[in-house]
Amino acid sequence: MRAVFDPLVIEDETGAPQPYLLESFEANEDFTTWTFRMRPGISFHDGTPADAHALARHFEQVMSNPLAQQLFNRAQGWEVVDDLTLDFHSSAPFAGLPAGMTGQMGYLAAPSQHDDPDGAANPVGTGPFVFKSWIPDAELVVERNPNYWRTDAEGRALPYLDRIVYRPYVEPDVRRLALETGDITVTHYDLGLDSEHYRENFKTIEEQSLLQTLYVMLNNARAPFDDIRARQALAHCTDHETYNLLRTAGEFDIANGPFAPNTPGHLPDNGFPDYDLEAGRALWAEIGDPGTITLGTTPDAHYRIGAELLAQMWADCGIDVEIQQLDQGTLILNAVMGNFQAAVWRNHNGATVQNERVWWDSSYTGFIAINMGRIKNPEIDAALARATLTDDRDELRRIAEEVNRALAGGVHNIWLHWVRWLIPHHEDVQNLGWITLPPPDGRPVLNILEGRTFLTETWLAQ
């Protein structure tokens with residue numbers, strides 16, 4: 001995505017949204033109308049203009065998708081003001097709209113891609129690299145965009161690289177071997193066990209803030225986890241220190257919520273239940289016999305072993321567990337549809353609580369739910385409602401702290417550890433992940449977020 005497309009909005013080093021493909025965004029006083037202005041003179045790879053008309057088509061596509069449209073459920077409509085300007089209207093305050101356009105909802109595709117029945121397999125963006133070929137499960141090839149709109153600080157045309165080949169390797173050990181043998185130049189890693197090996201043998205870039213959280217997502221609308229006592233029992237029966245030591249070699253920090261250190265909303269003590277076997281056993285006994293609970297996970301070895309470890313811990317509390325191994329797509333579909341009790345999950349970088357709102361607000365718990373845990377907590381709803389009314393970073397931090405305490409108090413999920421992504425690479429790879437805001441700003445932005453990085457300003461040393 002980051003090779004072929006440019007994001008409309010990007011996170012700066014603090015996580016705050018900044019214009020990228022957009023030249024500017026500005027709201028009216030109550031955040032019900034946003035004015036978006038595109039940068040002039042930018043073209044898609046097919047030569048058509050990346051303008052306000054293309055932006056309008058983008059919003060049409062978002063709103064035609066049953067799941068994606070929930071992210072913009074306050075949208076009332078939009079109008080093209082001129083070739084570069086679009087006004088977006090919402091039925092209620094929507095202060096978090098720009099932040100919501102830093103991810104998948106903000107990658108601008110050409111209208112020709114939307115018109116193409118096979119457009120998903122033939123992406124057309126404005127990005128630094130042009131799509132050339134894709135063999136599923138084998139490789140994806142992109143080549144330098146000779147007409148890219150960006151230059152570096154010295155005015156040299158970007159990108160520097162001529163070509164990138166992406167190769168998928170499912171198993172982490174296979175990726176490590178491929179890097180060691182020179183079959184690949186760069187890889188990514190998020191498990192912790194091999195982090196020290198990568199640091200000792202390769203160059204690396206690592207996340208320092210806005211870390212994702214690994215946790216057990218609970219279905220708060222389905223027995224037994226519709227009962228807070230069952231959720232509290234599971235939290236008390238989870239030995240977080242042992243889990244973290246055995247699954248990450250102690251590389252990661254134990255999580256007490258979705259906001260990691262150096263992330264707005266982090267609290268060293270938010271009230272999440274401690275490991276306490278006796279308390280866990282007593283609570284589980286209170287709720288009667290719920291039968292066997294099902295824990296969903298993907299079939300790769302790391303997460304399967306982690307699920308088995310959790311099941312063993314919970315068995316010490318008298319909790320019977322069946323592990324259900326599902327491919328990632330099915331695991332996600334089950335969560336969206338509510339067909340699960342518990343699942344090993346990873347989410348929430350915490351860049352802004354505005355983006356996290358869709359995961360926890362009760363208004364997103366319909367038949368097809370983005371709030372996949374079906375959390376319904378009036379405290380959380382009230383705090384998240386205030387996050388739609390402000391773009392003040394200090395106020396958003398205070399709101400995130402409130403949400404953190406309420407999530408802990410309701411024990412809506414079982415938090416395990418914060419995930420620190422690592423990007424190991426060979427010595428000849430220079431400037432990996434480095435990217436700056438377009439002039440006149442020019443500040444560097446986050447070089448890695450949830451394992452995603454840019455290759456726009458990367459080069460290979462001779």
Side-chain angles (χ1 to χ4, degrees), residues 209-220 224-248 250 252-284 286-287 293 295 306-307 309-311 313-314 316-317 319 341-350 353 356-357 359-362 371-384 397-420:
S209 60
L210 309 181
L211 309 182
Q212 286 181 309
T213 308
L214 184 78
Y215 60 102
V216 178
M217 184 169 68
L218 303 177
N219 189 338
N220 288 242
F225 300 118
D226 55 350
D227 186 330
I228 189 173
R229 293 173 300 173
R231 304 195 299 269
Q232 289 170 331
L234 211 60
H236 282 311
C237 295
T238 303
D239 184 347
H240 295 80
E241 287 191 17
T242 298
Y243 183 90
N244 197 41
L245 179 63
L246 295 179
R247 300 315 304 137
T248 78
F252 296 151
D253 293 327
I254 295 169
N256 64 356
F259 302 102
N262 303 318
T263 300
H266 173 72
L267 294 168
D269 182 6
N270 60 1
F272 188 76
D274 294 325
Y275 175 53
D276 186 337
L277 271 179
E278 292 307 315
R281 287 180 183 135
L283 281 165
W284 194 255
E286 275 185 33
I287 63 174
I293 66 169
L295 175 62
L309 179 59
L310 290 170
M313 290 176 183
W314 298 341
D316 290 341
C317 275
I319 303 171
Q341 288 177 299
V344 179
W345 212 256
R346 188 183 63 209
N347 198 0
H348 313 305
N349 63 49
V353 72
E356 306 295 346
R357 176 173 167 263
W359 309 116
W360 304 320
D361 192 297
S362 63
N371 179 348
M372 292 172 279
R374 274 72 182 171
I375 295 170
K376 293 186 177 181
N377 184 319
E379 251 188 287
I380 294 174
D381 286 352
L384 292 175
R397 176 185 52 77
R398 288 190 289 269
I399 291 170
E401 290 173 355
E402 280 185 51
V403 171
N404 195 352
R405 292 188 190 95
L407 283 168
V411 197
H412 294 294
N413 296 303
I414 308 301
W415 312 106
L416 297 174
H417 61 250
W418 291 300
V419 178
R420 190 181 301 276

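Just so you know, these numbers use all the heavy atoms, side chains as well, and skip hydrogens, waters and symmetry mates.
- The salt bridge (charged side-chain N to carboxylate O under 4.0 Å, His left out) test applied to R231 returns no partner, not counting sequence neighbours.
- Residues satisfying the side-chain contact (heavy atoms from CB on, under 4.5 Å) criterion with Q232, sequence neighbours excluded, are I228, R229, L283, V411.
- With rounding to the nearest 0.5 Å, the separation of CG in L218 from CD1 in I375 is 8.5 Å.
- Y243 meets the ring-ring contact (aromatic ring centres under 6.0 Å, His included) test with no other residue; sequence neighbours excluded.
- Checked for salt-bridge contact, E401 and R397 meet the test: a charged N lies under 4.0 Å from a carboxylate O.
- Looking only at side-chain heavy atoms (C-beta outward), T238 and W415 stay at 4.5 Å or farther from each other.
- Taken to the nearest 0.5 Å, the CG atom of L295 stands 11.5 Å off from the CD1 atom of I319.
- A pairwise comparison of heavy atoms in A400 and G265 identifies CB-CA, 3.5 Å as the closest pair.
- Using a 4.5 Å heavy-atom threshold, the side chains of N413 and W359 count as separate.
- What you find for N404 and G257 is that their closest heavy atoms are OD1-CA, 4.1 Å.
- Not a single donor-acceptor pair under 3.5 Å links the side chain of N262 to the backbone N or O of A260.
- Nearest heavy-atom pair, L407 versus P258, reported as atom, atom and distance to 0.1 Å: CD1-CG, 3.8 Å.
- In this structure the side chain of V216 reaches within 4.5 angstrom of the side chain of L416, judged on heavy atoms.
- The side-chain contact (heavy atoms from CB on, under 4.5 Å) test applied to D276 returns H236, E278, A279, not counting sequence neighbours.
- Here H412 pairs with nothing under the ring-ring contact (aromatic ring centres under 6.0 Å, His included) rule; sequence neighbours left out.
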Any chance you could lay out the side chain to side chain contact (heavy atoms under 4.5 Å, CB included) test for V344 and L214, step after step, and finish with the verdict? CA-CA 7 Å; V344 179; L214 184 78; 4.1 Å; yes
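- A search for salt bridge (charged side-chain N to carboxylate O under 4.0 Å, His left out) contacts involving E241 returns nothing, not counting sequence neighbours.
- For D239, the side chain to side chain donor-acceptor pair (under 3.5 Å) test picks out T242, with sequence neighbours left out.
- Of the residues R346, R420, H348, H417, the one that meets the side chain to side chain donor-acceptor pair (under 3.5 Å) test with Q212 is R346.
- With rounding to the nearest 0.5 angstrom, the CD atom of E402 is 13.5 Å from the CG atom of N270.
- Note that CD1 of I414 and CZ of F272 are 4.5 Å apart. Values are rounded to the nearest 0.5 Å.
- Of all non-hydrogen atoms in P268 and N256, the two that sit nearest each other are O-ND2, 3.2 Å.
- Inter-residue side-chain proximity for L211 and F252 is flagged as unmet; no heavy-atom pair is nearer than 4.5 Å.
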Check the pair F259 / L267 against side chain to side chain contact (heavy atoms under 4.5 Å, CB included), numbers first and verdict last. CA-CA 8 Å; F259 302 102; L267 294 168; over 6 Å; no
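- Distance CZ/R357 to CG/D381: 9.0 Å, rounded to 0.5 Å.
- Scored by the salt bridge (charged side-chain N to carboxylate O under 4.0 Å, His left out) test, E379 finds no partners at all (sequence neighbours excluded).
- Scored by the salt bridge (charged side-chain N to carboxylate O under 4.0 Å, His left out) test, R247 finds no partners at all (sequence neighbours excluded).
- Interatomic distance, D316 CG to C237 SG, rounded to the nearest 0.5 Å: 8.5 Å.
- Partners of T263 by side chain to side chain donor-acceptor pair (under 3.5 Å), not counting sequence neighbours: none found.
- Between N219 and F225 the shortest side-chain heavy-atom distance does not fall below 4.5 Å.
- Under the ring-ring contact (aromatic ring centres under 6.0 Å, His included) criterion, H266 pairs with W418, sequence neighbours left out.
- In this structure, L277 and C317 approach most closely via the heavy-atom pair CD2-SG, 3.5 Å.
- Under the 4.5 Å side-chain criterion, counting only non-hydrogen atoms from C-beta, E356 is in contact with N349.
- Nearest heavy atom pair, residue A383 against residue I399, reads O-CG2, 3.3 Å.
- Qualifying side-chain contact (heavy atoms from CB on, under 4.5 Å) partners for P224, counting only residues two or more places apart in sequence or in other chains: A230, W284, I287, P290, I293, Q341.
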